[in-house]
Amino acid sequence: MPKKKPRWCGPRYNQRPLTEVKKNTIMNFKCVSDLSSFLQQQYPAVSFPAAWQVVGDKCPGNMSGDLTINCFRFARLFRQAPDAMAREVAAFLAGHDDVETAEAVKAFVNITLRPGAVHRDTVADPNRILGATIVPAARRRRILIEYSAPNTNKPQHLGHVRNNTLGMSLAALLQRVGHEVIPINLVNDRGIHICKSMIAYQRFGEGETPASSGIKGDHLVGKYYVRFNTELKRQLDALTQARPELADRSDEDLFLETELGAATQKMLQDWEAGVPVVRELWQLMNSWVFAGFAQTYARMGVKFAHTYLESETYLLGKDNILDGLARGVFSRRDDGAIIADLGKLGQKVVLRSDGTSVYITQDIGTTIRKYNDYHPDTQIWVVGDEQIHHFKMLFEILRRMGFSWADNLYHLAYGMVNLPSGKMKSREGTVVDADDLFAEMAALARAATLERCGDEIPADLDERAEIIGMGALKFMLLKFNPKTTMMFDPQASLKFEGDTGPYVQYAGARINSIAAKAAEKGLVISDDVNWELLAAPEEKALSIMASFYPATLAEAAEKMDCSVLVGYLLDLAKAFNRFYRECPVLSAEDDALRQARMQLCFRIRDLLTDGLNTLTIGVPAAM
RNA sequence: GCCCGGGUAGCUCAGUGGAUAGAGCAGAAGUUUCCUAAACUUUUGGUCGGAGGUUCAAUUCCUCUCCCGGGUACCA
């Protein structure tokens, strides 16, 4: 359906809301808001949209100026030619107290601000940026976010690490902007795949335990999962050799034909029947896995308000389906299966003809359970993009069942992680193990730290290496837009240069070092700062970059995309490193300048720290 | 077949209806008597998959088309 355009609007400029909050958008400079007021006074006949404001952008590097006003954006509103609009804007700004020069170039006005005005409107008041309200009270929500959702048959790998990182950082981000966030996990602790490790352990385990073997619990169980698959392969090969007519049938098709497969199936039935031996083994092995996961989570900093177990929720949903059937939401097919006819999304079986659940049955039940437990305004699932269709159907079904909250369900779909060698495949052993990866990152960070610290080995070496290694890993995973199918190159990822977490951490560490040196020299830090002194282009650029922080948080939260924040922190760190290079702080020419630069540094450090913490990344005291 | 992503520098990825499309890595050349060189500076490198259309302006929006990935289960 074609959108109707407002008549005065004609062509498409100006259809974008003028108040839109975007990264690299400045709205808090006095001269810009004065410009807005001025224009409204000059053109009383114009009907302005609510909360209309001129927005400034950062001036591109190839132009001279601090800020730029793009007059294409609003020239139409005033029925003016863009260039003429620019000249009018430039004339006003040129006469403004805060402005050194304002130059109209085509439809743009490039503004060079007085240094004092730049800093006054940005970093001078420490609360102005960090304390900015991101989401107004009226729009704050109670948000339930489910992520991680591991299976208890094997240890976590890089794919889980991406999920965990995305989930915990999104939770932290949403909380940072003012929402109430409840992070939860739903562990898949039952089912045929769990029985696979159990069967293999029963047959080949010989009583091995994490304690006796020294193997972390989840890895130990994973070892038997692998063992199961090799054993199954052996049986499948034997089967097709003995009965060549089966050769063209798939492995899954032949699963129950094998002795091992049949035994696994039997074990699942025994589990459901509550056979004590099976339940005990299940309890035991799951307890090993949970202990292992707890370590992995602790190392990443993952925390949940609650962990749901599928063994406790897998029977949910059936009653809801039957209820929906009675109310005409679903229908019964000739073969007895209960289906939902979802139109464009297709037909979906929601209860099998034998009355048992399918995946979506459980999800319906669990979603309702989660709603009843927490009454959130919004539920978010961090789940891979191969389940996009599943979630669309789930949401549509809940909508049809009449749940008013079903419009506020959101699937954060993220792409797979590939390796240079191709896809990660558990069966082919090409997965990158989470714990190994953490250890490797920390070891590299440790080596790099040792290399640069000389003879003085820091007392907190291991802790520092952990913060840097984990920071590098998380940052790398968050740098990509969640939906991109990303490539993880182990070699390249283990570097700490360029667009990396350590680059940002390093900027913070440099400021820490300045603070430490200042204390050593007994310098008094004064709050009484003459910001006019910070007139270097690097100083102005740094403050202007700092001012984007609230808008960046807003955009990241709105899009539920931490990569927006990652990109910003890289820009901010880069602006700081340029400043650091050009503007000596402790050895500044005089005390007034030194004080001003120190204060600027501390404001930037606060932002870097807050930003990294919002990504669940720490900042080491020194690097 | 149908549905959903994606195709931008050698590689990995940003980005946008507006000024000369960016970053990191890789390649080339520099910077340390001075607060940390995990840094900084300069430089090489692009028909933004292809073709039409809308627009004053398209890499960005629309249509068609070609390639890649995923989905399309009484699997999870």
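Within every chain, numbering begins at 1; the chains are lettered A, B, ... in the order of the sequence lines, protein sequences first and strands thereafter. The shown structure was predicted, so the numbers you read here are calculated from the model rather than taken from an experiment.
For A:L236, the side chain to side chain contact (heavy atoms under 4.5 Å, CB included) criterion is met by A:L232, A:D251, A:L254, A:T258, not counting sequence neighbours. For the side-chain hydrogen bond (donor to acceptor under 3.5 Å, both in side chains) test, residues two or more places apart in sequence or in another chain that qualify with A:N185 are A:Y297. For the side chain to side chain contact (heavy atoms under 4.5 Å, CB included) test, residues two or more places apart in sequence or in another chain that qualify with A:R369 are A:Y308, A:L316, A:D373. When the side chain to side chain contact (heavy atoms under 4.5 Å, CB included) test is applied to A:E497, no partner is found at least two apart in sequence or on another chain. The side-chain hydrogen bond (donor to acceptor under 3.5 Å, both in side chains) check on A:D354 picks up A:T356, with sequence neighbours excluded. Shown here are the side chain to side chain contact (heavy atoms under 4.5 Å, CB included) partners of A:Q347, two or more places apart in sequence or in another chain: A:R333, A:I339, A:D341.
Put simply, CG on A:L419 is 14 Å from C1' on B:rU12, counting in whole angstrom units. What separates CD of A:E252 from C1' of B:rA73 is a distance of 11 Å, to the nearest Å. For the pair A:R464 CZ and B:rU36 C1', the interatomic distance rounds to 11 Å; values are reported in whole Å. Between the CG atom of A:L542 and the P atom of B:rC40 there is a distance of 13 Å, rounded to whole Å. The interatomic distance linking A:K483 (NZ) with B:rC13 (C1') rounds to 14 Å, in whole Å. Between A:L351 atom CG and B:rA73 atom P the separation is 18 Å, expressed in whole Å. Distance, A:L570 CG to B:rA14 P: 13 Å, rounded to whole Å.
The partner of B:rU55 is absent, by the rule that a Watson-Crick or G-U pair needs both atom distances under 3.5 Å. Remark: B:rG69 base-pairs with B:rC4. Criterion, Watson-Crick or G-U wobble with two distances under 3.5 Å. Pair assignment for B:rG17 gives none, since no Watson-Crick or G-U wobble pairing has each distance under 3.5 Å. With both pairing distances under 3.5 Å, B:rU60 is matched to nothing as a Watson-Crick or G-U wobble pair. Pair check for B:rG30 finds B:rC40; Watson-Crick or G-U wobble, both atom distances under 3.5 Å. Summarising the base pairing, B:rA76 is matched to no nucleotide, lacking a Watson-Crick or G-U wobble pair whose two defining distances lie under 3.5 Å. Here B:rG46 sits opposite no nucleotide as a Watson-Crick or G-U wobble pair (both hydrogen-bonding atom distances under 3.5 Å).
With C1' as the reference atom, B:rG17 and B:rC11 are 30 Å apart, rounded to whole Å.
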Please tabulate, for side-chain N and O atoms in residues 579-591 of chain A, each donor-acceptor pair with protein atoms closer than 3.5 Å (sequence neighbours left out).
residue, atom, partner, partner atom, Å
A:D590, OD1, A:A592, N, 3.0
A:D590, OD1, A:L593, N, 2.8
A:D591, OD1, A:R594, NH2, 3.3

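At a threshold of 4.0 angstrom between heavy atoms, the contacts of A:M486 are confined to the sugar-phosphate backbone, with no base atom among them. Across all strands shown, A:N110 has heavy atoms under 4.0 Å from base atoms, whether or not it also approaches the sugar-phosphate. When heavy atoms are screened at a 4.0 angstrom cut-off, A:F480 is found touching the sugar-phosphate backbone but no base atom. Within the nucleic acid shown, A:A107 has no heavy atom closer than 4.0 Å to any nucleic acid atom. Residue contacts for A:A518: at a heavy-atom cut-off of 4.0 Å it reaches no nucleic acid atom on any strand shown. Within 4.0 Å of A:R333, counting heavy atoms only, lies at least one base atom of the nucleic acid. Contact annotation for A:N481: backbone-only contact, meaning every heavy-atom pair under 4.0 Å involves sugar-phosphate atoms and none involves a base. A:M623 comes within contact range of at least one nucleobase, with a heavy-atom separation under 4.0 Å. Within 4.0 Å (heavy atoms only), A:I468 reaches at least one base atom of the nucleic acid.
Within the structure, the salt bridge (Lys or Arg N to Asp or Glu O under 4.0 Å) test picks out the following pairs touching residues 465-484 of chain A (sequence neighbours left out): A:R299-A:E466. A salt bridge (Lys or Arg N to Asp or Glu O under 4.0 Å) check over residues 441-451 of chain A, counting only residues at least two apart or in different chains, returns the pairs A:R446-A:D462.
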Short N/O separations, protein against nucleotides 22-26 of chain B, under 3.5 angstrom:
residue, atom, partner, partner atom, Å
B:rA23, O3', A:K574, NZ, 3.2
B:rA23, O2', A:D499, OD1, 3.4
B:rA23, O2', A:D499, OD2, 3.0
B:rG24, O4', A:D499, OD2, 3.1
B:rG24, O2', A:D499, N, 3.4

Please write out the pairs of protein N or O atoms and N or O atoms of nucleotides 29-35 of chain B separated by less than 3.5 Å, giving the distance to one decimal.
residue, atom, partner, partner atom, Å
B:rU31, O2', A:R581, NH2, 2.9
B:rU31, O2, A:R581, NH2, 3.1
B:rC35, O3', A:K517, NZ, 3.3
B:rC35, O2, A:V585, N, 3.1
B:rC35, O2, A:L586, N, 2.8
B:rC35, N3, A:V585, N, 3.0
B:rC35, N4, A:Y580, O, 2.1
B:rC35, N4, A:C583, O, 3.4

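Between A:D571 and A:K58 no salt bridge is recorded (no basic side-chain N to carboxylate O distance below 4.0 Å). Salt-bridge check for A:K348 with A:E396: failed, with every basic side-chain N at 4.0 Å or more from each acidic carboxylate O.
For A:Y503 and B:rC40, the shortest distance from a side-chain N or O to OP1 or OP2 is below 4.0 Å.
Per the stacking criterion (ring centres < 5.5 Å, plane angle < 30°), A:Y506 does not stack onto the base of B:rA39.
RNA chain B is contacted by A:S353, A:V358, A:Y359 of residues 353-362 of chain A, taking any non-hydrogen atom closer than 4.0 Å.
The shortest distance between side-chain heavy atoms of A:L612 and A:F475 falls below 4.5 Å. Using a 4.5 Å heavy-atom threshold, the side chains of A:N153 and A:F228 count as separate.
Between A:F488 and A:F496, the residue whose closest nucleotide on RNA chain B is further toward the 5' end is A:F488. Heavy-atom distances to RNA chain B give each of A:A573 and A:Q347 a nearest nucleotide, and the one nearer the 5′ end belongs to A:A573.
In this structure, the separation between OG1 on A:T313 and CG on A:L186 is 5.5 Å, given to the nearest 0.5 Å.
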